[in-house]
Amino acid sequence: MTKAAGPEAVRKRVRAFALGLPGAVEEFPWGESVIKVNKKVFVFLGVDDGSHPPGVTVKLKDPEAHAHALTSPGAEPAGYGLGKAGWVRIPLDEQGAPTAELLCDWAEESYRVIAPKKLIAELDGG
């Protein structure tokens with residue numbers, strides 16, 4: 001079994017995965033990294049300057065994925081009312097934090113909720 005990657009390595013992996021999705025771009029509103037598709041955020045990556053604990057926030061409409069994400073240590077519905085719309089913040093520095101692979105799955109789920117159908121078709125190879 002390999003050693004779990006540290007929070008920054010996990011964050012970088014999720015960022016790289018999200019930016020690899022069709023039409024995805026990174027922007028820095030409020031001084032934090034977000035990944036957008038069609039001018040809409042689908043992953044919040046926060047800041048990487050150490051001023052806040054590392055975390056990833058994604059929108060999960062699938063009830064199973066949403067419930068699973070909330071079982072992650074320290075996970076909570078996102079602030080600013082976003083939690084009511086299915087957004088979940090998952091800390092990366094907690095013991096037992098999700099793997100980069102699982103976070104990438106959730107980033108793709110979030111992308112599929114936000115992206116236009118033509119980009120989802122492109123992702124699916126159609």
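Pairing each heavy atom of Ala107 with each of Val43, the nearest pair is CB-CG2, 3.9 Å. The nearest pair of heavy atoms linking Pro29 to Val34 is CD-CG2, 3.5 Å. The two residues Leu119 and Pro22 come nearest to each other via the heavy atoms CD1-O, 3.8 Å. In plain terms, the two heavy atoms of Val14 and Ala100 that are nearest each other are CG2-O, 4.3 Å. Taking each heavy atom of Pro91 and Ala97 in turn, the nearest pair found is O-CB, 3.8 Å. Closest non-hydrogen pair, Leu19 versus Val25, comes out as CD2-C, 3.8 Å.
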Between side-chain atoms of residues 65-78 and protein atoms elsewhere (two or more places apart, or another chain), which donor-acceptor pairs fall under 3.5 Å?
residue	atom	partner	partner atom	Å
Thr71	OG1	His68	O	2.6
Ser72	OG	Ala69	O	3.1

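Going from atom CG of Asn38 over to atom CD1 of Ile114 covers 10.0 Å, rounded to the nearest 0.5 Å.
Under the 3.5 Å distance criterion, the side-chain polar atoms of Asp62 are matched with a main-chain donor or acceptor of Glu64.
Residues Leu103 and Val47 fall into different hydrophobic clusters, defined by Ile, Leu, Val, Met, Phe, Trp and Tyr side chains chained together at heavy-atom separations under 4.5 Å. At a threshold of 4.5 Å between side-chain heavy atoms, the hydrophobic network of Ile, Leu, Val, Met, Phe, Trp and Tyr places Val88 and Tyr80 in two separate groups.
Among Trp87, Phe44, Tyr111, Phe42, the single residue meeting the side-chain contact (heavy atoms from CB on, under 4.5 Å) criterion with Lys59 is Trp87.
Within a 6.0 Å sphere centred on CZ of Phe28, heavy atoms belonging to other residues, nucleotides or ligands number more than 12.
Applying the side-chain hydrogen bond (donor to acceptor under 3.5 Å, both in side chains) definition to pairs two or more places apart or across chains, those involving residues 115-126 are Arg112-Asp124. Legend: side-chain hydrogen bond (donor to acceptor under 3.5 Å, both in side chains) pairs involving residues 7-20, not counting sequence neighbours, sorted by first then second residue: Arg13-Glu101, Arg15-Glu26.
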